[in-house]
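Data block below; observations after.
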Amino acid sequence: MDAVLQTKGLLSLPLNPKTRAFQSSLGLKQRSFSTKPKIPTGLSLSSNGLQKFQGFVSNTHGFGTKERNLFICRAEAAAAAAADGQPAFGETEQPKFFGIEAVTFKKIVPLGLMFFCILFNYTILRDTKDVLVVTAKGSSAEIIPFLKTWVNLPMAVGFMLLYTKLSNVLSKKALFYTVMLPFIAFFGAFGFVLYPLSNYIHPEALADSLLNTLGPRFLGPLAILRIWSFCLFYVMAELWGSVVVSVLFWGFANQITTVDEAKRFYPLFGLGANVALIFSGRTVKYFSNLRKNLGPGVDGWALSLKGMMSIVVLMGFTICFLYWWVNNYVPLPTRSKKKKEKPKMGTMESLKFLVSSRYIRDLATLVVAYGISINLVEVTWKSKLKAQFPSPNEYSSFMGDFSTATGIATFTMMLLSQVIFEKYGWGVAAKITPTVLLLTGVGFFSLILFGGPLSPAITSLGMTPLLAAVYVGALQNIFSKSAKYSLFDPCKEMAYIPLDEDTKVKGKAAIDVVCNPLGKSGGALIQQFMILTFGSLANSTPYLGGVLLLIVLAWLGAARSLDTQFTALRREEELEKEMERAAVKIPVVAQEGSGNGSLASDSVLNPTAGDSGSSGPPRNI
């Protein structure tokens, strides 16, 4: 069926074809592919013709006997099958489970479980990293802008360069395990080795000496030196979000799913993943409250870390097992073979190629804009949070509740996201996240700016202005993150699917690993500049609000541009796939001597061969 024969002559039919008495109730598919055709009464066939006709219908893959091989036009057969609502010729109907094809179901369930485990770990790591660096002795929330700019960003760039090199020499499976296993090893080692030894490996005396020499304005940079192992944990937790979530998981999901499956299931299997936020938030709160029941002199935080890191390691190995199972038991979809193959490029060539692509630049704008926007609000909120909850126990407990609320909100948004994708399309879905972030950010900054005049009203509600700012900031983060997980991330990952493999792999590494921390570092740099210029973060609030407005407008413009390009690529890919599926196989017959490759008019198209008037010269059409 896959062979394509070139014809040397025109399709020929007999001069005076007889009218065939095939049953009119049979469609094209039944007439062509029936293995036991019913011959109507009164239809006269020559013995030679009968043998040839039976040879055709009795072997749908042999197509004739001896030297005659008939190839059917697959496009016509597929059209007839589609009209009948049945599988095309040569295809079998796939079994379904809850209305979903079994092959698709085998993809979605493991992907949902992988996403659950990854986000479960990410929630624990995200909450723990903030507790470690913000509440540590000699540190505060002011360390975060310096940490993201001068530590997190360089390590992210270094990882991207290493990942690009590894992608050229390792298979996809080997690359996944090579990246995943070091994360598991580090988090296990931190809980059981690095943190218990933190009092011995942290140079607190050196940091105190430098602080006395340089002055308090260098508290943030010196805190990185003072608690370097906590900062390393912070960076690895950040990289888990950008590397494991964005590069490894979404890259794997894009590899084994089609665009149609992505539109249908990306928002849905995220539902199960965001249940992880609810359970992991409860897990963090459980371990936070566990320290209350310990006797004096017991390092409860060290015990909690061992428990949480053990869970992280267990989930990490579960992710590896699910990845192995899918690769061994789930068939991968076929991609368009007409995609232009990209040669392997070096690091600088890859960066130049990505920068030269408008499509990749728009994707990068989306990621950087999100990082800057969320960071402009988040650091200010965390400074208020530490002021309200100074102890690690209270801080961690609140972050557990915050994660649970984020999971519930995201779960709800996931339920709505499929409707948004189906009814309004990719473009509208991509614009919802920046709109939500802008509106909630304005509310948070307004409360900070006008907290004094609003103080009597806030006090009447039983809250202090500080606590109100903490709650409003929490709501801003909850709504922004739920919109990101349910709409922004699926939109971003769908945009990768139509790209060729080389652009997809290197583009994701550059965007997700570099642009994500670049956005956060960009927000941190803006905040550092504002603080140095206007004296304090509070004095910079009006200007930060203006910067937020400009960033969101640029975000919306990039989303609009990307929507146009994504739609065009989708149409091109669908056309190419349709052409490949329909790759028209012209009906021909093996040549006989000096024949011109025409169909056997005396056996199949003219079953009454041998009757008078049927042996005239063929007439070309």
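Quantities reported herein were computed from a predicted structural model and do not represent experimental measurements.
In this structure Thr123 satisfies the side chain to side chain contact (heavy atoms under 4.5 Å, CB included) test together with Arg126, Asp127, Leu277, Ser280, Ser403, sequence neighbours excluded. With sequence neighbours left out, Lys306 forms a salt bridge (charged side-chain N to carboxylate O under 4.0 Å, His left out) with no residue at all. For Thr135, the side-chain hydrogen bond (donor to acceptor under 3.5 Å, both in side chains) criterion is met by no residue, not counting sequence neighbours. Here Val377 pairs with Phe444, Phe445, Gln476 under the side chain to side chain contact (heavy atoms under 4.5 Å, CB included) rule; sequence neighbours left out. By the ring pair (Phe, Tyr, Trp, His ring centres under 6.0 Å) test, Phe317 pairs with no residue at all, sequence neighbours left out. For Ile311, the side chain to side chain contact (heavy atoms under 4.5 Å, CB included) test picks out Phe120, Ile124, Thr283, Phe287, Met315, with sequence neighbours left out. Every residue two or more places apart in sequence or in another chain was checked for a side-chain hydrogen bond (donor to acceptor under 3.5 Å, both in side chains) with Asn477, and none qualifies. Under the side-chain hydrogen bond (donor to acceptor under 3.5 Å, both in side chains) criterion, Lys173 pairs with no residue, sequence neighbours left out. For Asp489, the side-chain hydrogen bond (donor to acceptor under 3.5 Å, both in side chains) test picks out Lys484, with sequence neighbours left out.
The aromatic rings of Phe187 and Trp240 sit perpendicular, their planes meeting at an angle over 60°, well past the 30° parallel limit. Relative ring orientation between Phe233 and Phe190 is described as tilted, the plane-to-plane angle lying within the 30° to 60° band.
Applying the salt bridge (Lys or Arg N to Asp or Glu O under 4.0 Å) test to every pair with at least one member in residues 198-212, sequence neighbours left out, gives these pairs: Asp208-Arg226. Sorted by first then second residue, the salt bridge (Lys or Arg N to Asp or Glu O under 4.0 Å) pairs that include residues 401-413, not counting sequence neighbours, are Arg282-Asp401, Lys285-Asp401.
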For a quick test of your reading: what N or O donor-acceptor pairs under 3.5 Å do the side chains of residues 191-201 make, sequence neighbours left out?
unit_1 : atom_1 : unit_2 : atom_2 : d
Ser198 : OG     : Tyr195 : O      : 2.9

